[in-house]
Amino acid sequence: MKQRIFSGIQPSGNLHLGNYLGAIQNWVKLQDEFESIFCVVDLHAITVPQDPAELRRKTIEIAKIYLASGIDPKKSSIFVQSHVAEHSELAWILNTIAKMPELEKMTQFKDKSQKEGKESASVGLFDYPVLMAADILLYNTEVVPVGEDQLQHIEITRTLANRFNKKFGDTFIIPEHFVKKEGMRIMGLDDASKKMSKSAKSEYNYIALTDSEEIIRKKIKKAVTDSGSEIVYRDDPPRVDDASPRVEAGKPALKNLINIYSLLSNKSTGDIEKMYVGRGYGDFKNDLADVVVNFLQPLQAKIEAISDDEVLQILKDGADKVRPIAQQKLTEVKKRVGFVI
Ligand code: TRP
């Protein structure tokens, strides 16, 4: 029996290389090993101010990106969160065992509510982690592949599952997280200290999967690099011991660009360093732009080749496939809490 994984992406902002290399590319590999459910989490996307036309467009676009990237609906289930009403229902029930201080200390809530202005943050935004717990627990998920920034949400999912089990009897499987190695984190092009982000203020932070060649070249040209001129893969902090008199700072921005180069070209970071001995940032960035364009153009062609009708059918089939699992779990939960069925 294969273990089950569940993961999701919000249909908001522009999906970018960080999402692809950090999540989707990984999911494509995992779908052979695990029984996989991949969701477009539109209920989460409406926890911040949003534009309905944009939400509709992004929901379809993300599903197309899943498919174009190689998520195979014959192997995995792909569906839209709002198509399975049980997510909202379970979230409500879990709300009654979640505690205010637990949610108040969530860093994502603190960050996002600060961005919006504390006064206008919605109750939905506050409740985001409980809905995410419902997503995971509805399907007896054993493993959740996520980015490091989501670990706190997995932790509260485990807390809620344990609390429910203790109070009402064994109902939920306690899920584990699965985080890819640190080296795979893709950082912002304009600030290598933070993860590449689709909600970043500047579009020079990320390369969207749908960016044109011209924009890709422009963004890579503008990407920050570190001081110095050699192409070296290093981000260790400056060394101050006298054994290394040539004290050199790390190069986190360059390391990030080399990571992108390496992941998209299947060349090792060491090979890339060797290729650029004696050459400067200009050459390196030109080649990196080629690598990114050569990777994204075929992906974009695949995305465009999928029609809206086709993707809507796949999403409907996906929801039909997973709904019975969710219904069974929710019925069990309702009995446990004492609802008359
Ligand atoms: N919060 C996740 C993110 O921003 C998205 C998400 C929602 C999710 N529900 C989930 C991820 C369930 C994994 C499992 O990345």
Side-chain angles (χ1 to χ4, degrees), residues 1-10 22-23 26-27 29-41 43-44 47 75-79 81 84-109 126-182 318 321-339 341:
M1 271 279 278
K2 284 183 183 174
Q3 283 192 308
R4 183 175 289 150
I5 59 174
F6 183 104
S7 199
I9 295 182
Q10 291 187 62
N26 194 30
W27 297 356
K29 289 185 199 135
L30 293 174
Q31 68 181 341
D32 291 317
E33 217 181 303
F34 292 89
E35 193 207 321
S36 310
I37 306 180
F38 301 117
C39 190
V40 183
V41 291
L43 298 172
H44 279 109
T47 58
K75 294 183 198 162
S76 308
S77 304
I78 306 176
F79 78 106
Q81 190 184 27
V84 179
E86 283 74 10
H87 290 250
S88 305
E89 268 194 86
L90 180 60
W92 178 257
I93 295 172
L94 293 176
N95 273 335
T96 63
I97 62 161
K99 297 177 182 169
M100 300 284 292
E102 278 169 346
L103 296 180
E104 267 156 8
K105 67 171 198 221
M106 292 286 125
T107 38
Q108 187 170 301
F109 172 70
F126 185 67
D127 202 33
Y128 183 115
V130 179
L131 178 60
M132 180 160 160
D135 297 342
I136 295 166
L137 299 176
L138 263 183
Y139 299 99
N140 289 325
T141 305
E142 287 155 296
V143 183
V144 190
V146 281
E148 241 174 336
D149 60 318
Q150 295 297 313
L151 290 184
Q152 217 183 7
H153 289 159
I154 305 300
E155 214 35 61
I156 196 164
T157 301
R158 293 165 57 90
T159 302
L160 294 175
N162 274 314
R163 189 174 298 149
F164 189 98
N165 287 350
K166 228 166 131 193
K167 212 167 157 146
F168 299 108
D170 250 351
T171 310
F172 294 123
I173 288 182
I174 312 301
E176 306 282 340
H177 66 254
F178 175 77
V179 176
K180 266 177 78 177
K181 281 185 263 100
E182 219 273 309
K321 201 161 105 196
V322 300
R323 194 177 294 107
I325 309 170
Q327 280 172 339
Q328 196 181 9
K329 181 58 62 177
L330 188 68
T331 302
E332 192 184 337
V333 169
K334 285 177 169 174
K335 284 186 192 152
R336 293 275 191 200
V337 299
F339 292 168
I341 301 287

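Quick note: numbers below take in every heavy atom, side chains included, and nothing from hydrogens, waters or symmetry partners.
Between E332 and K335 there is no salt bridge, since none of the side-chain N atoms of the basic residue sits less than 4.0 Å from a carboxylate O of the acidic one.
The nearest pair of heavy atoms linking K321 to S76 is NZ-O, 3.8 Å.
Note on ring orientation: taking the six-membered ring where Trp is involved, the planes of H44 and Y128 are tilted (angle from 30° to 60°).
No side-chain donor-acceptor contact under 3.5 Å links T159 and E102. Side-chain atoms of D135 and Q81 form a donor-acceptor pair, as typed in the model, at a separation below 3.5 Å. Side-chain polar atoms of E33 and Q3 form no donor-acceptor pair below 3.5 angstrom.
When ring centroids are compared, Y139 and H87 come within the 6.0 Å threshold.
For the pair F38 and I9, the minimum side-chain heavy-atom distance is 4.5 Å or more. Between V322 and F6 the shortest side-chain heavy-atom distance does not fall below 4.5 Å. With a 4.5 Å cut-off on side-chain heavy atoms, F178 and N26 count as touching. Residues L137 and L94 are in side-chain contact: their nearest non-hydrogen atoms beyond the backbone lie under 4.5 Å apart. Considering only heavy atoms from C-beta on, R4 comes within 4.5 Å of I325 through its side chain. In this structure, I154 and E176 have side chains that are not in contact, with every pair of non-hydrogen atoms separated by 4.5 Å or more. Between C39 and F79 the shortest side-chain heavy-atom distance falls below 4.5 Å. Using a 4.5 Å cut-off on side-chain heavy atoms (C-beta onward), F339 and V333 make no contact.
Other residues, nucleotides and ligands contribute only 12 or fewer heavy atoms inside 6.0 Å of the NZ atom of K167.
Side-chain atoms of K329 do not come within 3.5 Å of backbone N or O of F172 as any donor-acceptor pair. Of the possible polar contacts, one joining the Q152 side chain to the K105 backbone as a donor-acceptor pair under 3.5 Å is found.
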